[in-house]
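Worksheet for the structure shown next.
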2 protein chains.
Amino acid sequence: MSNTSVRSIRRGDLARATGCNLETIRYYEKIGIMPDPPRSTKGYRSYDNAHVKRLKFVMRSRDLGFSLEEVRGLLGLVDDRSRTCADVQLIAEDHLTDVQAKIADLQRIERVLSDTVARCTGDAAPECAVIDALLDA
Amino acid sequence: MSNTSVRSIRRGDLARATGCNLETIRYYEKIGIMPDPPRSTKGYRSYDNAHVKRLKFVMRSRDLGFSLEEVRGLLGLVDDRSRTCADVQLIAEDHLTDVQAKIADLQRIERVLSDTVARCTGDAAPECAVIDALLDA
DNA sequence: CTTGAGCCTGTATCAACTACAGACCTTAGA
DNA sequence: TCTAAGGTCTGTAGTTGATACAGGCTCAAG
């Protein structure tokens, strides 16, 4: 069962293969999230399946809201043969806590905002419940 | 009923009066969210009650997640004698929609993340459900 | 041989702040 | 009166996570 082996692709191909923006790949390489790939004689970067896989990992992590520093931590654990499930769980649980806090924050905002907007008449009058709420402590 | 009238305070006092970071005030002045205040002969900025009120408005708006551009819009409407409740409602409702979308996004993330973390054994084994989820498409 | 696409590099921009350096001013205490 | 501490002034750089653009090479098709 040989899976589709990509021998040597260029940055644009990697972008297409992953759906990641080309400039973003460049940025990830600059900050060390992605490795500096080998170069052709003419200086063109050459990527392979391992790069595709790693970049997809990064993208899925980002999609789940992990910061690039958290992704860096996760990548370190992926590479580390001695990592344990507990190590990973720690990062993921921390992040989950962050996400839950953000949700709570936004829900508070949503309540205040929708309550206030609901008091709007929405007509041509200069009085407005939203402005009043923002002006008054 | 004379309310506490602040005749002339300096930037540090404005910061203390509002709880806003001093550098943030400076930034707001730079980008025009707050006006350039008058200066003393020695070049010290001098603020009054109107500045305190405006800055508090900005801070409450930011706290409710309005972007600085949205705040700019709201401030324009506060100042504008011809503004209507409908004008303000439009901005607030747009923002409310944004907030609701963000909540939905984070809730999706929260589900995936907590489901995945729940499958962690949390032990010293190298197999980890989180890593697996991030590695597999 | 030319044209266009793709790649290379460096640099700038965005939001919304925050931080720091070096110079000046003001005020309280000795 | 002198001095030391603290506030204020200015300009500038750094943060996160990208995105955009300019100017120069190279490569493949027609």
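The sequence lines fix the lettering, A, B, ..., with proteins before strands; numbering per chain opens at 1.
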A:Pro126 backbone acceptor or donor facing B:Arg83 side chain under 3.5 Å: yes

Kindly state which residues belonging to residues 64-78 of chain A come within less than 4.0 angstrom of DNA chain C, counting heavy atoms of the residue only, listed by number. none

side-chain hydrogen bond (donor to acceptor under 3.5 Å, both in side chains) against A:Thr116, all qualifying residues, sequence neighbours excluded: none

Sorted by first residue and then second, give each ring pair (Phe, Tyr, Trp, His ring centres under 6.0 Å) pair with at least one member in residues 13-41 of chain B; sequence neighbours left out. none

DNA chain D contacts made by residues 18-46 of chain A, counting heavy atoms under 4.0 Å: A:Asn21, A:Glu23, A:Thr24, A:Arg26, A:Tyr27, A:Tyr28, A:Lys42, A:Tyr44

Walking along DNA chain D from 5' to 3', note the first and the last nucleotide with an atom under 4.0 Å from a heavy atom of chain A, and give both. D:dG17 to D:dC27

Do the side chains of B:Leu14 and B:Val52 get nearer than 4.5 Å, heavy atoms only? yes

Sequence neighbours left out, cut at 3.5 Å: what donor-acceptor pairs do the side chains of residues 19-26 of chain B make with other protein atoms?
unit_1  : atom_1 : unit_2  : atom_2 : d
B:Asn21 : OD1    : B:Glu23 : N      : 2.7
B:Glu23 : OE1    : B:Arg26 : NH1    : 3.4

Answer whether the closest heavy-atom distance between the side chains of A:Asp13 and A:Tyr47 falls below 4.5 Å. no

Under 3.5 Å, sequence neighbours excluded: what are the donor-acceptor pairs made by side chains of residues 88-96 of chain A?
unit_1  : atom_1 : unit_2  : atom_2 : d
A:His95 : NE2    : A:Leu64 : O      : 2.8
A:His95 : NE2    : A:Gly65 : O      : 3.4
A:His95 : NE2    : A:Phe66 : N      : 3.4

So, B:Asp63 and B:Arg60, do they make that salt bridge, N to O below 4.0 Å? no

A:Ile131 side, atom CD1; A:Asp136 side, atom CG - distance, nearest 0.5 Å: 11.0 Å

Output a table of donor-acceptor pairs, distance under 3.5 Å, between side-chain atoms of residues 104-114 of chain B and any protein atom two or more places apart or on a different chain; print 'none' if there are none.
unit_1   : atom_1 : unit_2   : atom_2 : d
B:Glu110 : OE2    : A:Gln100 : NE2    : 2.6
B:Ser114 : OG     : B:Glu110 : O      : 2.9
B:Ser114 : OG     : B:Arg111 : O      : 3.3

Just how large is the angle between the end axes of the helix from C:dC1-D:dG30 to C:dA30-D:dT1, five pairs per end, to 10 degrees? 20°

Sorted by position of nearest nucleotide on DNA chain C, 5' first, the leading residue of A:Gly12 and B:Arg62 is A:Gly12

Between which nucleotides of DNA chain C, 5' to 3', does chain A make heavy-atom contacts below 4.0 Å? C:dG6 to C:dT11

Set of salt bridge (charged side-chain N to carboxylate O under 4.0 Å, His left out) partners for A:Asp80, sequence neighbours left out: none

With clusters defined by side-chain heavy atoms of hydrophobic residues (ILVMFWY) lying less than 4.5 Å apart, directly or transitively, does B:Met34 cluster with B:Tyr44? no

Rounded to the nearest 0.5 Å, what separates atom CZ in A:Arg10 from atom CZ in A:Arg16? 9.0 Å

Return the set of residues passing side chain to side chain contact (heavy atoms under 4.5 Å, CB included) with A:Arg72 (not counting sequence neighbours), or none when no residue passes. A:Ile31, A:Ile33, A:Glu69

